[in-house]
Amino acid sequence: IQTPSTVLEEILASLIMWFFYTLIPCLLIDGVAILPAPQNLSVQSTNMKHLLTWSPVMVPGEIIYYFVEYQGEYESLYMSHVWIPSSWCSPTKGPECDITDDITATVPYNLRVRATQGSETSAWSTLKPPFNRNSTILTPPGMDVTKDGFHLVIKLEDLGSQFEFLVAYWRREPGAKEHVKVVRSRGIPVHLETMEPGAAYCVKVQTFVKAIRRHSPFSQAECVKVQGETLPLALALFGFVGFMLILVVVPLSIWKMGRLLRHSCCPVVVLPDTLKITNSPQKLISCRREEVEACVTAMLSSEEPFRTWI
C-alpha cells in the first residue's frame with residue numbers, strides 16, 4: 001500500500017528523470033561542450049615570428065576544425081575583455097596558428113583555442129601564462145661574405161622590416177681595429193671596405209629589433225683574403241698590347257678614311273699629253289717687252305718678199 005508521501009516521491013523522481021533525458025540533450029545541441037578541449041598550448045617564437053601550437057583533438061573518421069582568439073591589453077582594459085578571432089586561424093584544420101600579424105604590441109596577450117565538429121564544440125583552452133613578443137628568440141641572420149675585386153661585400157638574409165643589422169668587420173692582424181656599420185638593406189649586397197692586396201678581412205653580424213630593444217648574439221666570423229698581386233701578369237700584358245694596337249690602328253684608319261673621302265668628293269682629272277702646256281703661261285706673261293718687239297719685227301721681215309712677188 002502506497003502512502004501519499006511515497007506517491008509524491010515517485011512523481012518527483014519521474015520529473016527529475018524526464019528533465020535529465022529531455023532537457024540535457026537540448027543543451028548539448030545548443031553548444032555545450034561534448035568534444036575534448038585542445039591541450040598543451042604553447043607559442044614558438046623566433047625572430048619575431050610567432051606560432052601557436054596545441055595537441056590535436058582525435059575523433060575517428062571526423063574532420064576537426066579549430067578556432068583561435070586573442071585578447072591584448074587594449075581589449076582587456078578598454079573593450080570589456082572582448083576576444084578577437086585570429087586573422088588566419090578562424091577556422092583552421094591544423095593544430096597550429098601563425099599569430100604574427102595578431103601580435104602588434106609588446107604587451108601580454110591572452111590566447112585561447114577550441115575544437116568544433118559539425119554542431120559539436122569543445123570548451124576553450126587558454127594559454128598559460130600569456131604571451132609577450134619580447135620573449136622571442138633572436139638569431140643572427142644568414143650572411144654571404146664575398147670580394148668584388150678589392151671590395152669587401154656582404155649580403156644579409158631578409159628577416160623583415162623590423163630588423164636592423166650591426167655588421168662588425170676588421171683586418172685580420174694583431175691589434176686590428178674593429179669597425180661597425182648599421183645595415184638596413186635586406187637581401188641587397190652592401191660594400192663595407194676597400195681591401196689591401198694580400199690582406200685578410202673578417203666579418204660578423206648581429207640583429208637588432210627596435211620594437212623590443214633587444215640584440216641577437218653575434219654570428220661566427222667569416223673571413224676572405226685578397227691576392228697579393230695587384231693584377232695578374234697575363235691581364236697586364238693583354239692590356240698593354242691592346243693599348244698599343246689602339247695607338248696604331250686608330251690613326252691609320254683615320255688617314256685611310258680621309259684619303260677615301262677626298263678621292264670620292266674631289267677626284268683628280270688627268271689631261272692627255274696633247275692638251276698639256278709645255279711652257280708655263282706665267283712665263284709667257286713675264287716676257288720682256290723687247291723680246292715681243294723682236295718677235296714682231298722678225299715676222300714682218302718674213303712677209304715682205306711675199307708682198308713684192310704679188
Side-chain angles (χ1 to χ4, degrees), residues 42-51 73 98-109 129-244 246:
S42 64
V43 176
Q44 302 171 7
S45 180
T46 303
N47 290 333
M48 301 297 284
K49 304 295 183 183
H50 320 303
L51 185 67
E73 187 179 67
D98 186 349
I99 57 173
T100 301
D101 293 340
D102 302 320
I103 309 300
T104 57
T106 309
V107 297
Y109 277 80
F131 171 72
N132 194 318
R133 68 180 183 180
N134 63 9
S135 63
T136 189
I137 298 173
L138 297 180
T139 63
M143 67 173 178
D144 185 20
V145 181
T146 58
K147 56 181 181 179
D148 183 8
F150 290 94
H151 301 289
L152 181 62
V153 178
I154 186 173
K155 184 178 180 181
L156 298 172
E157 177 187 4
D158 185 1
L159 295 180
S161 59
Q162 300 185 73
F163 286 78
E164 294 180 355
F165 306 102
L166 302 180
V167 181
Y169 57 96
W170 64 96
R171 182 171 176 171
R172 193 172 63 185
E173 62 182 7
K177 181 180 178 181
E178 186 176 285
H179 304 277
V180 177
K181 186 172 186 176
V182 178
V183 176
R184 295 181 177 85
S185 301
R186 301 175 300 277
I188 302 175
V190 176
H191 172 261
L192 296 178
E193 186 172 326
T194 301
M195 301 183 291
E196 297 182 8
Y201 290 78
C202 298
V203 181
K204 63 181 180 180
V205 62
Q206 69 174 175
T207 58
F208 173 68
V209 181
K210 187 176 181 180
I212 61 176
R213 298 188 178 279
R214 285 182 51 208
H215 294 83
S216 75
F218 270 104
S219 65
Q220 293 292 328
E222 294 188 20
C223 303
V224 294
K225 185 177 181 179
V226 185
Q227 298 298 325
E229 298 179 0
T230 56
L231 283 176
L233 182 60
L235 181 61
L237 181 61
F238 178 78
F240 176 75
V241 172
F243 179 71
M244 293 304 296
I246 292 175

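Judged purely by distance below 3.5 Å, without hydrogens or angles, the side chains of Ser45 and His50 pair a donor atom with an acceptor atom. In this model, no donor atom of one side chain and acceptor atom of the other lie less than 3.5 Å apart for Thr207 and Asn47.
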Requested in this report: List the steps and the verdict of side chain to side chain contact (heavy atoms under 4.5 Å, CB included) for Val205 and Ser219.
Outcome: CA-CA 5 Å; Val205 62; Ser219 65; 3.5 Å; yes

Query raised in the report: Leu156 and Val190: side chain to side chain contact (heavy atoms under 4.5 Å, CB included), yes or no, with the steps?
Result: CA-CA 9 Å; Leu156 298 172; Val190 176; over 6 Å; no

Report task. Start with the C-alpha gap between Ile154 and Val167, add the side-chain angles, then the distance that decides, and say whether side chain to side chain contact (heavy atoms under 4.5 Å, CB included) holds. Result -> CA-CA 9 Å; Ile154 186 173; Val167 181; 4.0 Å; yes

Report task. Run the numbers on Arg133 and Val107 for side chain to side chain contact (heavy atoms under 4.5 Å, CB included), then give the verdict. Result -> CA-CA 7 Å; Arg133 68 180 183 180; Val107 297; over 6 Å; no

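Atom CE of residue Met195 and atom CD of residue Glu193 lie 8.5 Å apart, to the nearest 0.5 angstrom. Asp144 contributes atom CG, which lies 5.5 Å from atom OG1 of Thr146 (distance to the nearest 0.5 angstrom). The distance from the CG atom of Leu51 to the CD atom of Gln44 is 5.5 Å, given to the nearest 0.5 Å. With rounding to the nearest 0.5 angstrom, the CD atom of Gln206 is 10.0 Å from the CG atom of Leu138.
Across every non-hydrogen atom of Tyr109 and Thr104, the tightest pair is OH-N, 3.3 Å. Lys204 and Ala221 make their closest contact through CB-CA, 4.2 Å (heavy atoms, listed as atom of the first residue, atom of the second, distance). Closest approach of Met48 to Thr136, counting heavy atoms only: N-OG1, 3.1 Å. Across all their heavy atoms, Pro217 and Pro140 have their closest contact at O-CG, 3.1 Å. Residues Tyr169 and Leu192 share a closest heavy-atom pair of OH-O, 3.5 Å. Taking all atoms of both residues into account, the shortest heavy-atom contact from Val226 to Pro197 is CG1-CA, 4.1 Å.
Among residues two or more places apart in sequence or in another chain, the side chain to side chain donor-acceptor pair (under 3.5 Å) test is passed with Glu196 by Arg171. Annotation: ring pair (Phe, Tyr, Trp, His ring centres under 6.0 Å) contacts of Tyr201 (sequence neighbours excluded): none.
Side-chain atoms of Lys155 and Val153, non-hydrogen and from C-beta on, never get closer than 4.5 Å to each other. Phe163 is not listed as a side-chain neighbour of Asp158, based on a closest heavy-atom distance of 4.5 Å or more. Contact check for Gln162 versus Lys210: no side-chain heavy atoms found under the 4.5 Å cut-off. Using a 4.5 Å heavy-atom threshold, the side chains of Thr139 and Ser216 count as separate.
Between the Lys181 side chain and the His191 main chain, a donor and an acceptor come within less than 3.5 Å of each other. One N or O on the side chain of Arg214 and one on the backbone of Asn134 form a donor-acceptor pair closer than 3.5 Å.
Other residues, nucleotides and ligands contribute only 12 or fewer heavy atoms inside 6.0 Å of the NZ atom of Lys225. When the shell of 6.0 Å around CD of Gln220 is examined, it contains 12 or fewer heavy atoms from other residues, nucleotides or ligands.
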